[in-house]
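Heads up: the structure comes next, in structure tokens.
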Amino acid sequence: MQRAAPQLIALLTVALVAVGMVMGYRISERSGLSDLAAVASERLELYASNLETELARYAYLPSLIAIDEDVQALLDDPHNAQVQQRARLKLARVNVRAGSILIFVTAADGEALAASNGYQRHGGNVPGGRTPLPEAARNLPEDAADFFASNEADGTTDYYFVHPVRRSGTYRGHIVVKVSLAPLEATWVDLGLRSQSEKLLVVDQNDVVIMSSVPAWKYRMLGSVNVEALQSSGRYVGATLAPLGMSVEGESGSGSTVVRLADVQSAGHSLHLAQERPVVPLAVRLVTLSDPADVWRQARYAAWGGGAAGGVLGLLALYWLHRRRAIRQLFKARNALQQAHDQLERQVDERTRELRNTNDELKRQIAQRLQAEDELMQAGKLAALGQMSAGISHEINQPLTALRALSRNTMLLLQSGRTQTVADNLKLIDDMAERMGRITLQLKSFARKGGSLAQPVRLASAVENVLVLLEHRLRAERIEVSKAVPGDWQVLADINRLEQVLLNLFTNALDAMANTPDKRLEIDARHEGGRVVVRVADSGEGMPAEHLDRLFEPFFTTKPAGQGLGLGLVISSKIVREFGGTLRAERGEHGMVFEFDLELEGAAPQRSTDPDKEAYV
Ligand code: ADP
């Protein structure tokens, strides 16, 4: 249906062009013909009034002549030569003054008695007495009326006023005045020549053209009347009375008709618009033939105009159809876009929801992991404590045994009164108790769960605390500890966790040195780029290069089962990272070197510290 629409519109356009052409032609033709008819009608009025005015100038003349006494006398005494003479002269004078062509008087028998041209019925010896009268005017019957007739001399048209004369009710004869219409006709011919588009015909009651603006049409017949009868009437002298060859083609409205006129010269024909107006008093009708060529030319233009208008209408319809389709497609595309957009939004919503869920899950896992790490760290710490427990208990048992021996010894000394030695012993006891108290205090604080909140911590104290915990081992294994940590350096960390890192590094170092004869543990700190780098080096066996990469892997250990978990370095590295630093390992000259950095709290130190060397022998 949609595909068929443009073809339908194209057909419609063709139809509209055709209808537009026909309509344009018809409307223009009708309007043009109507205008032409209106102009012709006005002209007819003018011609009719010209003719009537021309004849009206003479209308009074016959009745005036009828009451003239010389004419009366002639009718009373037609054979009196003198009377005839007077009447003839009178008629001649009146004729000259009135400007008519001929005036004559007839007797009741129709025969002329006297005329202005010298004719005289019984005047054989009168000069001009035998001048003939027009054939049309001979033997006029009693009821004769005015009439047109051809001029025998030159073929122009004359008009005869016929006035009956009666006396006491008795018919006595006629007064006849003949006037020429040649001047009027000449103006018409002149007009006709100037106005090519319009021709005038005066047609009498016999359908004969008696006057015309086209001389060739004169005395041609419109109808088909008995030509011989007409010719014998004497009114169309010398005329052949051939048919004009005019036939009606059709009505054009406004009382006019379209007629076809045969052209004698070209043997063709032409079409004219005929308009008619009767002039009743003169018993004739005036006919104008207008050339509608201009009208039809205009109508042809109008047809093209109408066709163009139809075409434009069709194209507009086509444009409208295209536009409607384009808008529909636009709507469709917009809907599709909207749908795609909605779908995308739904997908984004779904994805966001999934991401949020994943995120929540991740958060939960992180929290779990953090907790696990916390627990792991604590476990690592406790494991370290467990490993140290044997040494520590030995460390405490030793002073306890000494304390017991000393206290017994002191009691004996007290009995023997050696007070000075008692006092020395008590001082020793006090020292030992304080030493045990320090160890247990360290154990307690080390076992405590630390936090990740960084705060200023004295680095030397942390190192010292851890060495206290390991003191028994250091001594038992005869380790030489070299310590170069400035006493006033403070780092940002949690002391508990920092000690956990140090304990792990020191323990690993001691383990590594278990089988080496020369046992040295070096602990120092240096300032580097606003941070403090803590270094722990040992003179142990070190480790092969291939193990270095795995050092910070969870559960990597080279120690026998029950001694190592492989978590110490993992946990230490994590703790250092929490305080913004990194734990690194490298092979040293003899053993391993571990380093980590921490943020220095306060002003940067300028001096270097000489290492304290301590041999636990
Ligand atoms: P553990 O001590 O429980 O084995 P760690 O993570 O602390 O776990 O250490 C992992 C391993 O790294 C040790 O088993 C050891 O082989 C090696 N290691 C650590 N420190 C040193 C060191 N100072 N010298 C030689 N090897 C070391």
Side-chain angles (χ1 to χ4, degrees), residues 369 372-392 446-447 450 462-463 466-467 469-470 472-474 476-485 496-525 533-579 581-597 611 616:
R369 195 172 156 188
E373 275 179 358
D374 264 7
E375 284 167 8
L376 197 66
M377 256 184 255
Q378 190 62 11
K381 209 153 58 172
L382 294 178
L385 276 178
Q387 280 166 7
M388 288 190 301
S389 62
I392 290 171
F446 186 74
V463 173
V466 177
L467 287 176
L469 283 178
L470 293 174
H472 68 287
R473 253 194 97 178
L474 295 170
E477 293 170 24
R478 297 170 182 273
I479 311 283
E480 185 190 324
V481 176
S482 161
K483 188 173 60 170
V485 180
N496 216 257
R497 296 197 165 213
L498 179 57
E499 284 175 3
Q500 190 174 349
V501 174
L502 291 170
L503 180 69
N504 185 55
L505 295 180
F506 294 174
T507 315
N508 280 345
L510 297 188
D511 290 346
M513 293 188 289
N515 301 319
T516 48
D518 182 21
K519 304 169 198 264
R520 263 192 342 275
L521 175 65
E522 288 174 19
I523 308 150
D524 58 55
V533 180
V534 182
R535 176 173 165 278
V536 178
D538 62 65
S539 57
E541 294 171 337
M543 64 186 312
E546 67 265 23
H547 284 174
L548 264 182
D549 291 344
R550 307 186 54 202
L551 211 54
F552 295 98
E553 275 181 17
F555 306 109
F556 170 74
T557 180
T558 56
K559 294 173 189 171
Q563 276 189 33
L565 284 173
L567 288 175
L569 285 178
V570 179
I571 292 169
S572 299
S573 165
K574 182 178 179 309
I575 290 171
V576 171
R577 224 176 14 254
E578 274 177 9
F579 296 130
T582 329
L583 177 62
R584 304 172 288 272
E586 60 183 23
R587 294 188 331 150
E589 202 179 331
H590 298 291
M592 287 294 294
V593 178
F594 285 84
E595 275 188 354
F596 64 91
D597 59 298
Y616 290 81

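What you see is a predicted model; the values in this text were computed from it and never measured. All ligand and atom numbering here is 1-based and tracks the order in the structure. By convention here, the first residue in the shown sequence is residue 1.
Salt bridge status for Lys519 with Asp538: absent, with no side-chain N to carboxylate O gap under 4.0 Å.
In this view, Arg587 satisfies the salt bridge (Lys or Arg N to Asp or Glu O under 4.0 Å) rule with no residue, not counting sequence neighbours. In terms of the side-chain contact (heavy atoms from CB on, under 4.5 Å) criterion, residue partners of Glu541 (sequence neighbours excluded) are, by chain and number, Asn515, Thr516.
At a heavy-atom cutoff of 4.0 Å, ligand 1 is surrounded by Asn504, Asn508, Ala509, Ala512, Asp538, Gly542, Leu551, Phe556, Thr557, Thr558, Lys559, Gly564, Leu565, Gly566, Leu567, Gly568, Leu569, Met592, Phe594.
Counting only residues at least two apart or on different chains, the side chain to side chain donor-acceptor pair (under 3.5 Å) pairs with a member in residues 565-577 are Glu373-Lys574, Asn504-Ser572, Ser573-Arg577, Lys574-Glu578.
With respect to Phe594, the side-chain contact (heavy atoms from CB on, under 4.5 Å) criterion is satisfied by exactly one of Val534, Leu551, Val501, Asn508: Leu551.
Using a distance-only test at 3.5 Å, with no hydrogens or angles considered, no donor-acceptor pair links the side chain of Asp524 to the main chain of Val536.
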